[in-house]
Amino acid sequence: MSYRVIQWATGGVGRAAIQSILSHPELELVGAWVSGGDKVGRDAGEIAGCESLGVTATNDTEALLGLDADCVVYSPVMADRPTVIRILESGKNVVTPLDWFYPGQRDVSEIEAACQRGGVTLHGTGIHPGGITERFPLMISALSRAVTHVRAEEFSDIRTYGAPFVVGEIMLFGKTPEEAAKSSMPAMLGEGFMQSIDMIADTLAFDLDAEKQTRHEVAVATAPIDSPIGPIAPGHVAAQRFTWQGTVRGEPVITVRTNWFMGQENLDPAWTFGPEGERFEVEISGDPSSKVTFHGWQPESIEAGLERNAGIVATAVHCVSAVPYACRAEPGIRTYLDLPLVAGRAAPSLARAPS
Ligand SMILES: NC(=O)c1ccc[n+]([C@@H]2O[C@H](COP(=O)([O-])OP(=O)(O)OC[C@H]3O[C@@H](n4cnc5c(N)ncnc54)[C@H](OP(=O)(O)O)[C@@H]3O)[C@@H](O)[C@H]2O)c1
């Protein structure tokens, strides 16, 4: 069985998703949406840095909605809810790293209704949120009795993130601490991370307090720091730490944290990644406790990251790996708690012939 897939947007995630679709034995790329500009009319394979595929990128939403396809991998910069609804109503499953990891108590009735009308599934996945933050902690938690705390944490050099506008104007690196204090990031990122906290709390049956905690800390440059968005001037924001927590009677039981630094030098406070360097960590405190460290999702160098960021590739592949499972699932918003174990596939050169 082969599933026909449309890739929606060809940024970092989208380009890696096209590469991943090409090497997946059950998937075929049949369409590609781009937001406009000179990508319109180009071959989707060429946009993704692969061979020409005979799939022409378009910004014609209607044409793509009319296409015979099983699934859309949806990865534009922002989610457009009406578009997602129309894709679902057109009978195409959607897998996305933008949202819908675990809607919990949020009102998703419109989206749910669109899934039912189209007879399809919407699945949110990625790495953080959408993997490191809840899927892997939940798996590992099964090895501990009486869990008291769950932690998912990222330690990344943000100089490898090749989206200068996002880094400078949305994440507010290089701005003054006063400007960064008004950041919309805690709320924007919190949309996803709070869903991860809810998924863990509901599954492990923590009796969470109604209010979750959010903390935003910054470190400033003590000397000019070179960065892809230009030099960070002394006294300006060069590192940020965002923390979201679920508590029981005021005590933290679930912690999600990102440590995003413009390198580890000339920072005040003098934050570092510690001896283990850049990484993602999952820690379950219980009997026994477990700590799992993920390496390999951070680029080897700033140049390598700006070219192709392994964390972005992992995000894309997690989406693409989920496509066959999402296509086979019962209609509706389907999370990790509903789908069977989503797995990758062997390299084509090592795979057995289809039976
Ligand atoms: N959950 C996770 O773990 C995770 C991890 C990484 C990223 N993400 C999310 O995934 C999304 C894509 O990330 P990315 O790294 O691929 O971002 P990106 O490189 O900035 O690409 C986003 C793409 O969105 C399209 N776009 C640009 N302007 C647009 C507009 N006004 N309206 C609609 N689309 C527009 C463009 O596609 P074209 O170039 O094709 O025109 C652009 O290349 C982001 O929302 C990001 O937050 C989630």
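All residue numbers in this chain count up from 1 along the given sequence. Start at 1 and go down the list; that is how both ligands and their atoms are numbered.
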Should L98 be counted as touching ligand 1, given the test is an N or O pair under 3.5 Å? no
Show me which atoms of ligand 1 lie under 4.0 Å from any heavy atom of V34. 40 (O), 41 (O)
Can you sort out which atoms of ligand 1 are near T315, meaning under 4.0 Å from one of its heavy atoms? 2 (C), 3 (O), 4 (C), 5 (C), 6 (C)
Is there any N or O on Y161 that sits under 3.5 Å from an N or O of ligand 1? no
So, is I127 polar-close to ligand 1, with some N/O to N/O distance under 3.5 Å? yes
Contact check: G11 vs ligand 1, nitrogen or oxygen atoms, below 3.5 angstrom: yes
State whether the shortest distance between N or O atoms of G14 and N or O atoms of ligand 1 falls below 3.5 angstrom. no
In ligand 1, which numbered atoms sit nearer than 4.0 Å to a non-hydrogen atom of I312? 6 (C), 15 (O)
Is a donor from one side chain sitting under 3.5 angstrom from an acceptor on the other, for Q195 and E191? no
Any protein heavy atom under 4.0 Å from atom 32 (N) of ligand 1? no
Quick one: does S75 get a heavy atom under 4.0 Å from ligand 1? yes
Indicate the atoms forming the closest heavy-atom contact of A32 with V55, along with that distance. N-CG1, 4.1 Å
For atom 13 (O) of ligand 1, tell me which residue out of N59, N309, T133, V13 has the closest non-hydrogen atom. V13
If you compare P97, P76, A79 by their heavy atoms, the one closest to atom 44 (C) of ligand 1 turns out to be P76
Measure centre to centre between the rings of F242 and F193, then say whether the value is under 6.0 Å. no
Hey, is CD on E217 packed in by over 12 heavy atoms from elsewhere, all under 6.0 Å? yes
Using salt bridge (charged side-chain N to carboxylate O under 4.0 Å, His left out), reason through E153 and R279 one step at a time and then give a plain yes or no. CA-CA 8 Å; E153 185 157 3; R279 64 200 183 278; over 6 Å; no
More than 12 heavy atoms of other residues, nucleotides or ligands under 6.0 Å from CG of D287: is that the case? yes
Got more than 12 heavy atoms from elsewhere within 6.0 Å of CD, E265? no
Would G12 count as being in polar contact with ligand 1, using the rule that some N or O on each side must be under 3.5 angstrom apart? yes
Closest heavy-atom approach to atom 36 (C) of ligand 1 among G130, S35, A32 is made by S35
For D99, is there an ion pair with R106 - N to carboxylate O distance below 4.0 angstrom? yes
Please say whether K39 places an N or O atom under 3.5 Å from an N or O atom belonging to ligand 1. yes
Salt bridge or not for K212 and D198, using N-O below 4.0 Å? yes
Candidates V77, T83, T10; heavy atom nearest atom 29 (C) of ligand 1 found on V77
Heavy atom of protein closer than 4.0 angstrom to atom 11 (C) of ligand 1: yes
Looking at atom 15 (O) of ligand 1, tell me if a protein heavy atom falls under 4.0 Å from it. yes
For H128, take its heavy atoms, then give the atoms of ligand 1 lying under 4.0 Å from any of them. 2 (C), 3 (O)
Taking the six-membered ring for Trp, is the centroid-to-centroid distance between H24 and Y3 below 6.0 Å? no
Please report whether atom 21 (O) of ligand 1 has a protein non-hydrogen atom at a separation of less than 4.0 Å. yes
Surrounding CD of E307 (heavy atoms of other residues, nucleotides or ligands, distance under 6.0 Å), is the total greater than 12? no
Out of all atoms in ligand 1, which are within 4.0 Å of some heavy atom of W33? Include the element for each. 33 (C), 34 (N)
Provide, to 0.1 Å, the distance between atom 2 (C) of ligand 1 and the closest protein heavy atom, together with that atom's residue and name. P129 O, 3.5 Å
Around E276, counting heavy atoms of other residues, nucleotides and ligands shown, do more than 12 lie under 6.0 Å from its CD? yes
Tightest non-hydrogen contact, residues P177 and V220, listed as CG-CG1, 3.6 Å
